[in-house]
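Remarks on the structure that follows.
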Amino acid sequence: MLGAIEYEDIGGIVRVLEIRELDRKTVLRARKRFEDYQDLGIVCNDSFDDDVWVLQSDIETVRLKFRYDKEVYEKRASLWTACSFGDYVECAKAFAAFCLGNVVLPSIRAAIKITRDIIYVLPDPSVLSGDRSAVAGAFLSLLPGRDMGRDGIIQALEECTKRSSGKRPRDLIPFRDYIDFHNRMIDFWSTADESDRYYYFPVYLWWTLTTILPLRPTEFLLIPRDCLTLQNGADILTVRRTRMKKQHRKVSYRIQKDYQEYHYEIPGWMAREIRAYQSVTESKDPSPVGTLFIPTGPRSYFFNYDAMRLRLLEFCRETGYGGNIHLGDTRHLAMINLILSGGSPSICRELAGHESIDVSSNYYANLSQIIREAAYDYCHRNGGGAAVYGKMFYPVSVPERCSRVSNGWCSAPEMLEGRIDACLRTFSSDGGIGDCRKCICFYPDDPGVWLEMENEREAAVDADSVFLMDAIEKVRKGTGSEETIRAALSRLQNDSRGYGALLCRKYREEKDG
């Protein structure tokens, strides 16, 4: 949560101190902190007492406005804050100073805006919800002195925060909308001229890269200009991953300190697209911070989040896409892809940049629906494959070479040789080995069994997802083991393959029949 934090360096060991009250002594320390960040070049102002502070990092400049309406404050807020107008303004500045090094600059700007909103909207706490109520409560609790009216409002804000603070999965749009976006992107790119390829390349690379590699939007936008190397014949992409999500880490506002370079092998076609963009934009004014994409104007540090969001909206209008896609969605799609394609928990954790595995657990919900829609698109779009859950092919009718088994046929090549290797890879819900109804090689005699198998496999995938999230949560609480997570992940992947195989047969029959 955003709050006032002070750092104390003792012999190279940094101790984090939480500010409890903005009294006179603490405000003096805040002024010193302001001066420290002046020396670092983050604060561009001459004086702590300025009405507007200008803060600058490597990638952005923000303004903190401390111009409060004195008349409105004294009429609406002074009675319950028990704080003079001058003290309130000074405390807001101290709050901002102690937030420096704790959170990114836009978050500090948003917090100071809330200190202005407090004057107009409180004492009714219902108008501030979620993070806004948390910040408002944190700030008010720091004001000097005690007042029953203010304490009551702080308590009400805490209740608002509790009601809206529960963790829940990100509300992704229907998966078929992502498939539609993917298909429109591929169709557009196959016929785009050079000018369109240059203009929409950030959107193209965002979609093709971050649905596989789960980068945060800012991490993607900070890809270095000189990002490609050739190692042993493989194309290696350099990206910057944030360090700021690692426990409680100080924010330096410098790319070199706040981000760490990672290197990943990428397909040759993707490397060729990047090199083509680098060549076309070679004569353009580069980003002052050395990022891949060309900024939108001479005053831009880099091609930032807002510019990328607008470019994505333009692309949607250009292609007629009507879905509500967001830049952060692909990170979740990439995590889902890793789970379905066999990524281990440790690989998923490392790729996502999470400090603990439980943070990723929300990505694993609704996998059966994703498999269903991906299989449908694959079978009805001439085998082109979906954006997530890679290409699949399964025969529709019983293959010519197969073995007779109980109540059906088995297409596993091993069975023709008298071996049961394929059976050892299939498990029933109670852990038994060799359950034909769960095997992708099984073709039942009774057509009615197909529907039963489809329902069973869908339910199995959903149950596996719940079990995996529960296993991850237990590890987080210290009552589980990573071995359980690996077993849950293996079971989910096995059932997902079986469900996808069954659906592909069904959809191919519909298409060919």
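By convention here, the first residue in the shown sequence is residue 1.
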Quiz prompt | Thr281 OG1 to Ile294 CD1 distance, which is reported to the nearest 0.5 Å | solution = 4.5 Å

Quiz item: Are the side chains of Tyr198 and Glu194 in touch, meaning some heavy atoms are under 4.5 Å apart?
Solution: no

Quiz item: Do Ile114 and Phe139 come within less than 4.5 Å of each other through their side chains, counting heavy atoms only?
Solution: no

Quiz item: Once the angle between the rings of Phe293 and Phe220 is folded into 0 to 90°, is it parallel (under 30°), tilted (30 to 60°) or perpendicular (over 60°)?
Solution: tilted

Quiz item: Under a 4.5 Å cut-off applied to non-hydrogen side-chain atoms, are Arg240 and Ile255 in contact?
Solution: yes

Exercise. Could you tell me whether Glu90 and Arg31 make a salt bridge, using a distance below 4.0 angstrom between a side-chain N and a carboxylate O?
Key: yes

Quiz item: Which is it for Leu312 and Leu327 under the side chain to side chain contact (heavy atoms under 4.5 Å, CB included) test, yes or no, and what are the steps along the way?
Solution: CA-CA 8 Å; Leu312 174 60; Leu327 292 176; 3.8 Å; yes

Exercise. Mind running side chain to side chain contact (heavy atoms under 4.5 Å, CB included) on Leu228 and Ile236 for me, showing each step along the way?
Key: CA-CA 6 Å; Leu228 287 177; Ile236 306 299; over 6 Å; no

Quiz item: Centre of Phe98's six-membered ring, under 6.0 Å away, within 45 degrees of the axis: is that where NZ or CZ of Lys93 sits?
Solution: no

Quiz item: Would you say the side chain of Ile179 lies within less than 4.5 Å of the side chain of Phe175, judging by non-hydrogen atoms?
Solution: yes

Self-check item: No-hydrogen, no-angle side-chain donor-acceptor test under 3.5 Å, Thr115 and Tyr68
Solution: yes

Quiz item: When you measure from the side chain of Thr296 to the backbone N and O of Ala307, does any donor-acceptor pair fall under 3.5 Å?
Solution: no

Practice problem: Take Leu215 and Arg241 through the side chain to side chain contact (heavy atoms under 4.5 Å, CB included) test and state the conclusion after the steps. | Solution: CA-CA 8 Å; Leu215 298 174; Arg241 309 299 301 269; 3.4 Å; yes

Practice problem: Give a yes or no on this: more than 12 heavy atoms of other residues, nucleotides or ligands lie within 6.0 Å of atom CG of Asp193. | Solution: yes

Practice problem: Please confirm whether the backbone N or O of Gly137 pairs with a side-chain atom of Ser141, one donor and one acceptor, at under 3.5 Å? | Solution: yes

Self-check item: Short side-chain to backbone donor-acceptor contact, Arg243 and Tyr259, under 3.5 Å
Solution: yes

Quiz item: If you round to the nearest 0.5 Å, how far is CZ of Arg272 from CG of Asp235?
Solution: 8.0 Å

Quiz item: What pair of heavy atoms forms the shortest contact from Ala92 to Ile112, and how long is it?
Solution: O-CD1, 3.7 Å

Quiz prompt | CZ-CG distance between Arg67 and Asp51, expressed to the nearest 0.5 angstrom | solution = 5.5 Å

Practice problem: Run the numbers on Thr61 and Tyr301 for side-chain hydrogen bond (donor to acceptor under 3.5 Å, both in side chains), then give the verdict. | Solution: CA-CA 9 Å; Thr61 299; Tyr301 291 95; 2.6 Å; yes

Quiz prompt | Which atom of Thr238 lies closest to which atom of Pro224, heavy atoms considered | solution = O-CD, 3.3 Å

Quiz item: Would you say Gln278's side chain and Arg225's backbone share a donor-acceptor pair under 3.5 angstrom?
Solution: yes

Quiz item: What pair of heavy atoms forms the shortest contact from Val27 to Ala94, and how long is it?
Solution: CG2-CB, 4.3 Å

Quiz prompt | Under 3.5 Å donor-acceptor, Gln56 side chain and Val43 backbone | solution = no

Quiz prompt | Any donor-acceptor N/O pair, Arg311 side chain to Tyr199 backbone, under 3.5 Å | solution = yes

Self-check item: Arg491 to Phe467, cation-pi by 6.0 Å centre distance and 45° axis angle
Solution: yes

Quiz item: Under 3.5 Å, is there a donor-acceptor pair linking the side chains of Glu60 and Tyr253?
Solution: no

Quiz item: Is a side-chain N or O of Glu219 found less than 3.5 angstrom from the main chain of Arg216, in a donor-acceptor match?
Solution: yes

Quiz item: For the atom pair CZ (Phe303) and OG1 (Thr291), what is the distance rounded to the nearest 0.5 Å?
Solution: 10.0 Å

Quiz item: Quick one: does Asp196's side chain get under 4.5 Å of Trp189's, heavy atoms only?
Solution: no

Practice problem: Please confirm whether the backbone N or O of Trp206 pairs with a side-chain atom of Thr210, one donor and one acceptor, at under 3.5 Å? | Solution: yes

Quiz item: Is the closest basic N to carboxylate O distance between Lys32 and Glu35 below 4.0 Å?
Solution: no

Self-check item: Closest non-hydrogen atom pair between Asp117 and Arg132, with its separation
Solution: OD2-NH2, 2.6 Å

Practice problem: Grab the two heavy atoms, one from Tyr37 and one from Gly101, that are nearest each other, plus how far apart they are. | Solution: OH-CA, 3.2 Å

Quiz item: With under 30° as parallel and over 60° as perpendicular, where do the rings of Phe48 and Phe34 fit, or are they tilted in between?
Solution: perpendicular

Quiz prompt | Spacing of CG belonging to Leu292 relative to SG belonging to Cys227, to within rounding of 0.5 Å | solution = 5.0 Å

Quiz item: Would you say Leu105 and Leu100 make side-chain contact, with heavy atoms under 4.5 Å?
Solution: yes

Quiz item: Do Met308 and Val203 come close enough that some side-chain heavy atom pair is under 4.5 Å?
Solution: yes

Self-check item: Donor-acceptor contact present, side-chain Lys250 to main-chain Asn102, <3.5 Å
Solution: no

Quiz item: Quick one: do Arg197 and Glu273 make a salt bridge, cutoff under 4.0 Å?
Solution: yes

Exercise. Mind telling me whether Trp207 and Tyr178 have parallel, tilted or perpendicular rings, with 30° and 60° as the class edges?
Key: parallel

Self-check item: CA sep, side-chain torsions, deciding dist, call: Phe188, Tyr200, ring pair (Phe, Tyr, Trp, His ring centres under 6.0 Å)
Solution: CA-CA 10 Å; Phe188 175 85; Tyr200 289 116; 5.7 Å; yes

Practice problem: Compute whether any side-chain donor of one residue and acceptor of the other, for Thr26 and Asp23, lie under 3.5 angstrom apart. | Solution: yes

Practice problem: Could you grab the distance from atom SG of Cys44 to atom CH2 of Trp53, nearest 0.5 Å is fine? | Solution: 12.5 Å

Quiz prompt | Donor-acceptor contact below 3.5 Å, side chain Arg184 vs main chain Thr319 | solution = yes

Quiz item: At their closest point, which heavy atom of Val461 faces which heavy atom of Ser368, and how far apart are they?
Solution: CG1-N, 3.7 Å

Practice problem: Please lay out, stage by stage, how Asn304 and Thr218 fare under the test side chain to side chain contact (heavy atoms under 4.5 Å, CB included). | Solution: CA-CA 8 Å; Asn304 61 23; Thr218 301; over 6 Å; no

Self-check item: Heavy atoms of other groups near Arg63 CZ, more than 12 under 6.0 Å
Solution: no

Quiz item: Is the shortest heavy-atom distance from the side chain of Asp258 to the side chain of Val251 under 4.5 Å?
Solution: yes

